[in-house]
Amino acid sequence: MTRKKKCLSPYENLKNNLSYLLVKSGLDIIVDDIPSKWEKHGDLILLPPSSFQNEMWSILGEELWNAVAMTLKCNRIARKFPINNDDFRSPRVEMLKGSDSWVLHIDNKIKYTYDITKCMFSAGNISEKLRIAQLSCKGETIVDLYAGIGYFTIPYLVHAKASLVHACEWNPHAVEALARNLRLNNVKDRCIIHYGDNREACPKGVADRVNLGLIPSSEKGWETACKALKSTGGILHIHGNVTSKLHSVPNAKDINVEQKNVHSHRNPEWSLWAGDVCIRISDTLTQLYSTKWTANAASIIRIKSYAPHIDHLVADICCKPSED
């Protein structure tokens with residue numbers, strides 16, 4: 001009876017192959033900075049920042065990256081570092097093997113392409129993209145204030161069947177990727193890209209819905225979003241990071257939240273945050289139109305944990321002129 005051959009993990013294969021390469025080159029074996037995890041983007045492997053930092057690896061030159069590529073079955077290799085602290089939250093990515101830095105992702109039958117050295121991909125927002133895909137937006141006009149490469153813009157068009165999306169974005173690299181993605185998904189005829197600061201570029205009085213998918217806070221876009229709504233009202237999908245469970249919180253105000261979408265008794269901070277958003281949105285609309293408006297949270301959705309005790313939420317705020 002023969003024993004089954006033990007199947008090595010990709011990390012173990014990588015460690016073994018690189019150890020052999022070091023010995024063959026007459027170098028000491030070092031394994032501390034051989035990565036055990038990485039991101040795969042098609043035929044491109046994106047390594048964490050701590051990978052292969054020992055100076056000894058540089059002695060191997062291109063031979064190192066060829067060995068990594070062969071072991072991990074990829075053609076291109078890059079290494080990412082913490083993002084730049086700029087207005088675009090630009091990535092810092094170093095190409096190590098190959099020169100083409102464009103990659104392709106497919107989520108829920110939607111194609112997203114982008115330059116990995118210039119744009120971010122928000123993989124953690126998949127649940128919200130799926131939720132948007134389930135909306136019925138036929139006949140509606142949407143404004144996406146922070147369109148990026150089209151994370152939310154394209155689900156509105158492809159799956160929710162919006163009639164028109166106004167996509168606002170000020171990062172030129174993201175705008176380039178967005179234009180490509182609209183063509184890839186055959187929806188470019190139903191989207192208008194507004195390049196520049198959305199406070200200046202965003203159209204006014206056109207939207208049935210406004211998407212504000214920016215964290216940690218989309219607050220700077222609230223007034224712009226209110227101006228974008230039709231005079232008859234509409235829905236604001238407002239994202240934000242909310243801190244929870246750090247201290248006792250008084251009873252949340254009644255803000256007309258559907259209990260199936262938020263456990264307000266367990267997360268009172270969520271209701272308090274949404275209540276404050278509603279008050280400020282109502283005040284902003286009332287000032288803009290010189291007539292009373294109401295703003296109610298129809299639902300509060302938790303997208304993901306952003307950090308310990310911090311949740312990325314989105315509140316669906318229904319806005320309309322008061323009937324009084």
Side-chain angles (χ1 to χ4, degrees), residues 128 131-132 135-147 152-153 156 160-170 190-194 196-240 242 250-259 261-262 264 268-301 313-324:
E128 180 63 5
R131 187 175 80 98
I132 285 173
L135 296 175
S136 177
C137 298
K138 189 174 181 179
E140 292 187 359
T141 296
I142 315 296
V143 167
D144 190 358
L145 279 190
Y146 308 97
F152 301 124
T153 292
Y156 272 117
K161 305 300 182 184
S163 293
L164 179 66
V165 175
H166 294 275
C168 303
E169 178 55 49
W170 69 349
R190 290 188 287 128
C191 183
I192 300 173
I193 298 176
H194 300 271
D197 188 330
N198 60 36
R199 289 170 292 187
E200 300 173 2
C202 181
K204 298 178 175 63
V206 299
D208 296 289
R209 298 174 189 264
V210 182
N211 200 75
L212 297 98
L214 181 69
I215 56 172
S217 173
S218 59
E219 183 177 347
K220 290 183 178 179
W222 291 359
E223 183 175 341
T224 301
C226 289
K227 291 177 180 178
L229 283 176
K230 291 179 177 177
S231 60
T232 51
I235 300 174
L236 305 180
H237 301 286
I238 296 181
H239 292 238
V242 178
N251 291 330
K253 297 178 181 179
D254 179 13
I255 56 169
N256 190 27
V257 174
E258 295 180 7
Q259 292 304 308
N261 289 320
V262 57
S264 59
E269 295 93 345
W270 295 9
S271 295
L272 288 172
W273 168 73
D276 180 62
V277 171
C278 288
I279 291 170
R280 295 178 61 184
I281 292 297
S282 175
D283 289 347
T284 299
L285 286 163
T286 297
Q287 291 175 10
L288 287 173
Y289 289 95
S290 300
T291 185
K292 181 67 177 177
W293 279 62
T294 60
N296 295 305
S299 59
I300 304 172
I301 308 296
L313 307 179
V314 56
D316 299 338
I317 310 297
C318 298
C319 310
K320 61 181 181 179
S322 175
E323 296 177 357
D324 296 338

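Here, residue 1 is the first one in the sequence, and each next residue gets the next number. As the structure is a prediction and not an experimental result, all values here were calculated from the model. Values below: all heavy atoms of this structure, side chains included; hydrogens, waters and symmetry mates excluded.
- Exactly one of D283, I279, L285 qualifies for a side chain to side chain contact (heavy atoms under 4.5 Å, CB included) with I281. That residue is L285.
- The heavy-atom pair separating C226 from L288 by the smallest distance is CB-CD1, 3.7 Å.
- Closest of all the heavy-atom pairs between C202 and A228 is SG-CB, 3.9 Å.
- Nearest heavy atom pair, residue W170 against residue D197, reads CB-N, 4.0 Å.
- Taken from OG in S282 to CD in Q287, the straight-line distance is 10.0 Å, to the nearest 0.5 Å.
- P321 has its side chain out of reach of Y289: every pair of non-hydrogen atoms, C-beta onward, lies at least 4.5 Å apart.
- Distance alone, capped at 3.5 Å, places no donor-acceptor pair between the S217 side chain and the G240 backbone.
- Between the side chain of T284 and the backbone N or O of R280 there is at least one donor-acceptor pair closer than 3.5 Å.
- Put simply, CD1 on I235 and SG on C319 are 8.5 Å apart, with the number rounded to the nearest 0.5 Å.
- With contacts defined as side-chain heavy-atom distances shorter than 4.5 Å, the pair F152/V165 does not qualify.
- The two residues S136 and R209 come nearest to each other via the heavy atoms O-NH2, 4.2 Å.
- The backbone N or O of A162 sits less than 3.5 Å from a side-chain atom of R190, completing a donor-acceptor pair.
- Within the model, atoms CD1 of I301 and CG of D316 stand 6.0 Å from one another, a figure rounded to the nearest 0.5 Å.
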When you look at I317 and C278, which way does the side chain to side chain contact (heavy atoms under 4.5 Å, CB included) test go after all the steps?
CA-CA 7 Å; I317 310 297; C278 288; 3.7 Å; yes
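- With hydrogens and angles ignored, the 3.5 Å screen pairs a side-chain donor or acceptor of T286 with a backbone N or O of W293.
- For the pair H237 and V314, the tightest heavy-atom approach, listed with the atom from each and the gap, is C-CG2, 4.0 Å.
- Looking at heavy atoms from C-beta onward, H239 lies out of side-chain contact with L214 at the 4.5 angstrom threshold.
- For the pair T141/H166, a side-chain contact is recorded, criterion being any heavy-atom separation below 4.5 Å from C-beta on.
- Going from atom NZ of K227 over to atom NZ of K204 covers 5.5 Å, rounded to the nearest 0.5 Å.
- In the model, Y156 has a side-chain atom that pairs as donor or acceptor with a side-chain atom of N211 under 3.5 Å.
- Taking both residues in full, the closest heavy atoms of L212 and A225 are given as CD2-CB, 3.8 Å, listed atom of the first, atom of the second, then distance.
- Looking at N198, its side chain does come within 3.5 Å of a backbone N or O of L145 through a donor-acceptor pair.
- Between the side chain of D208 and the backbone N or O of G234 there is no donor-acceptor pair closer than 3.5 Å.
- Heavy atoms of other residues, nucleotides or ligands lying less than 6.0 angstrom from NZ of K230 number more than 12.
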